[in-house]
Amino acid sequence: MSAPATFSVALHNETATAQLMADLALLVGPGDVITLTGDLGAGKTAAARALIRYLAGDETLEVPSPTFTLLQGYELPPFPVVHADLYRVEDESELEEIGMSPLPDATLVLIEWPERAPSAMPQDRIDISLTHRPALGSNARAADITGYGKSAATVARLQALREFLDASGYLESTRRRMAGDASTRSYARLLRDDEIVILMNFPQRPDGAATYNGKSYSAAVHLAENVRPFVAIDEGLRAQGISAPIIHHADLDHGFLITEDFGSEGVVEGDPPRPIAERYEAATDVLAALHGKTLPDTLPLADQTYAIPVFDTEALLIEIGLMPEWYLPDRNAPLSAAARSEFFAMWRELLQKPQSAPKTWIIRDYHSPNLIWLADRTGIARVGVIDFQDTVLGPQSYDVVSLLQDARIDVPESVELTLLSRYIKARRAADAGFDPAGFAELYAIMSAQRNTRLLGTFARLNRRDGKPHYLRHQPRIWTYLQRSLAHPALSSLRDWYLANVPPPQSPPKA
């Protein structure tokens, strides 16, 4: 078991407490336990309240002390939180009666007065010990923060984050929670005077166990496992005239960045959301401009270089393998050994064409959640790109598919075809040798590859990561997949899918 990690913070007022708890909230999640110790009036409930309000994104949220209720639950946007107060507990057997033994699953748990039930506290936890410091002011406190077991790494990371914010001049800034994504990254807006910037927390972490020839899934398919690719690609995109956020401060070793804030003006509108024509046209033009350039395959990074990975056949096959691995079992349609072999053999042959096609930078998740509209800029600079750390070298059609068959929103087939024609026209205007029919075939192949992978990815996000809301996208992915399988070059694959792959279940009606 790892040694505890500890550090101390002087909290001169409630604002300082709110800043500390917001920083901690950036690093913790469901399953973590935070215990709060200290005398009566030491500020335990104030600290818990600050963390809950930050996660709720609501500074006025009513967060009463659970002294009399013993337990208070909150269904917050990122995950559930339970706030408990054990002051009136006289015997640990009472914890079972109030729902604290065992501790709730998939929930962040905050516990005041943990010393009332010491043997019930988990080995992996963060303890915040609060004491009065009247010499520093009437409301001043000192917080001694200790991480035990696996939580020692979180506390060490919290200390590194606080040092990074201090060194960059943002320790006293106001924090505002931002929604995360499907990754392990987390974000906050930092407000300082009239300035707003974004804090990115990008922990070094593989996605999955080393089950793919000794590699994690992320390593096998070339997903970024730390912040370095983000920094290299960010600077590379801006050098090509693409609006990626300026990086103001970076801690590459710990994975913290402070970047330009593009705001939140998207490229879709309405409910359900749909593409805004002008903005999707500009986003299409970004790709046409980028794909018409000869781009480097290595980029500068600090005092070294970053080699952009090649999106090789093995990585593409591992990605589509998520469908038989995760999606088909969910649909009660596991493959026989023969059918599985046929599936991969067909795909290996089909991928030969995109692998031999000209390569460019594939941003990879170039779609509506990751595109910000910058109305004060002109031309292709109006499209702000914020997610690109997984960039690889591969076929030009991939990102066009990512945009025009958006996994998160419905893109009508008429809009898809109009924008695809726009892209092809721009490419032909810049290069008379551009082959529209060949590109359309590569578009269909990479559409089938991407949407096959997404069926499996969303099933995995549900079952492995406890994120069921991604399942609602599967029917849309299925529709896109049927479009691509209609291409004559995919006729054999279409027949195989028809025989072996059932459609997703319809999402439950609201």
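Every value quoted in this text rests on a predicted model; they were computed, and no experiment measured them.
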TODO: List the steps, then state whether side-chain contact (heavy atoms from CB on, under 4.5 Å) holds for Val155 with Thr146.
DONE: CA-CA 7 Å; Val155 168; Thr146 305; over 6 Å; no
I'd like to know if [X] and [Y] make a salt bridge, using a cut-off of under 4.0 Å between side-chain N and carboxylate O.
| X | Y | result |
| --- | --- | --- |
| Asp253 | Arg228 | yes |
| Glu59 | Arg176 | yes |
| Asp23 | Arg162 | yes |
| Glu269 | Arg279 | no |
| Glu319 | Arg364 | yes |
| Asp330 | Arg460 | no |

Quick one about [Y] and [X] (side-chain donor to acceptor, distance below 3.5 Å, no hydrogens or angles considered), yes or no?
| X | Y | value |
| --- | --- | --- |
| Asn13 | Thr17 | no |
| Ser186 | Asn201 | yes |
| Asp39 | His132 | no |
| Ser402 | Arg450 | yes |
| His83 | Glu112 | yes |

- [ ] Please lay out, stage by stage, how Arg238 and Glu235 fare under the test salt bridge (charged side-chain N to carboxylate O under 4.0 Å, His left out).
- [x] CA-CA 5 Å; Arg238 290 194 294 113; Glu235 295 174 355; 5.1 Å; no
Roughly how far, to the nearest 0.5 Å, is the [atom2] atom of [Y] from the [atom1] atom of [X]?
| X | Y | atom1 | atom2 | result |
| --- | --- | --- | --- | --- |
| Leu317 | Ile320 | CG | CD1 | 5.0 Å |
| Ser8 | Asp144 | OG | CG | 3.5 Å |
| Leu190 | Leu165 | CG | CG | 6.5 Å |
| Tyr148 | Asp127 | OH | CG | 5.5 Å |
| Leu11 | Arg141 | CG | CZ | 9.0 Å |
| Ile363 | Ile233 | CD1 | CD1 | 9.0 Å |

Looking at [X] and [Y], would you say the former's side chain and the latter's main chain have a donor-acceptor pair under 3.5 Å?
| X | Y | result |
| --- | --- | --- |
| Gln72 | Pro66 | no |
| Gln405 | Val411 | no |
| Asp32 | Leu108 | no |
| Lys44 | Leu130 | no |
| Thr305 | Pro300 | no |
| Tyr366 | Ala283 | yes |
| Arg125 | Ile34 | no |

Report yes if some heavy atom in the side chain of [X] is under 4.5 Å from a heavy atom in the side chain of [Y]; otherwise report no.
| X | Y | result |
| --- | --- | --- |
| His254 | Arg157 | yes |
| Asp399 | Trp361 | no |
| Val385 | Ser243 | no |
| Pro475 | Thr479 | no |
| Val221 | Leu316 | no |
| Thr298 | Tyr306 | no |
| Ile362 | Leu393 | no |
| Ile198 | Phe262 | no |

Open item on the list: Can you tell me how the ring of His473 sits relative to the ring of Phe458, calling it parallel under 30°, perpendicular over 60° and tilted otherwise?
Closed with: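 Plane angle between 30° and 60°, so tilted.
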- [ ] Classify the angle between the aromatic ring planes of Tyr87 and Trp113 as parallel (below 30°), tilted (30 to 60°) or perpendicular (above 60°).
- [x]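 The arrangement is tilted - the two ring planes meet at 30° to 60°.
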Any idea which heavy atoms bring [X] and [Y] closest together, and the distance?
| X | Y | value |
| --- | --- | --- |
| Ile111 | Leu103 | CD1-CD2, 4.3 Å |
| Val109 | Met100 | CG1-CE, 3.8 Å |
| Pro369 | Ile386 | O-CD1, 4.1 Å |
| Leu299 | Ala232 | CD1-O, 3.5 Å |
| Pro114 | Thr37 | CG-CG2, 3.4 Å |
| Arg175 | Glu172 | NH1-C, 4.1 Å |

TODO: Mind running side-chain contact (heavy atoms from CB on, under 4.5 Å) on Arg192 and Tyr170 for me, showing each step along the way?
DONE: CA-CA 7 Å; Arg192 185 181 66 178; Tyr170 288 92; 3.2 Å; yes
Open item on the list: So for atom CD, which belongs to Glu325, do other residues, nucleotides or ligands contribute more than 12 heavy atoms lying within a distance under 6.0 Å?
Closed with: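 Atom CD in Glu325 is crowded, with more than 12 foreign heavy atoms closer than 6.0 Å.
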Task: Pairs involving residues 70-96, ordered by first then second residue, that meet salt bridge (Lys or Arg N to Asp or Glu O under 4.0 Å) (sequence neighbours left out) - done: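 Listed once each, the pairs would be none.
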TODO: Just do the side-chain contact (heavy atoms from CB on, under 4.5 Å) check on Tyr470 and Leu454 with the steps written out, would you?
DONE: CA-CA 10 Å; Tyr470 284 94; Leu454 285 172; over 6 Å; no
Task: side-chain hydrogen bond (donor to acceptor under 3.5 Å, both in side chains) between Asp124 and Ser151, worked out - done: CA-CA 5 Å; Asp124 303 321; Ser151 297; 5.7 Å; no
TODO: Show your reasoning for whether salt bridge (charged side-chain N to carboxylate O under 4.0 Å, His left out) applies to Arg189 and Asp261.
DONE: CA-CA 8 Å; Arg189 281 193 164 92; Asp261 180 12; 2.8 Å; yes
Open item on the list: Pair Trp326, Asn462 - check side-chain contact (heavy atoms from CB on, under 4.5 Å), show working.
Closed with: CA-CA 10 Å; Trp326 294 93; Asn462 170 51; over 6 Å; no
Open item on the list: Applying the side chain to side chain contact (heavy atoms under 4.5 Å, CB included) criterion to Leu110, which one of Ile52, Val82, Thr35 satisfies it?
Closed with: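 The passing option is Ile52.
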- [ ] Tell me whether the guanidinium CZ or amine NZ of Arg185 lies under 6.0 angstrom from the six-membered ring centre of Phe202 and within 45° of its axis.
- [x]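 Because its charged atom sits under 6.0 Å from the ring centre and within 45° of the axis, Arg185 does stack over Phe202.
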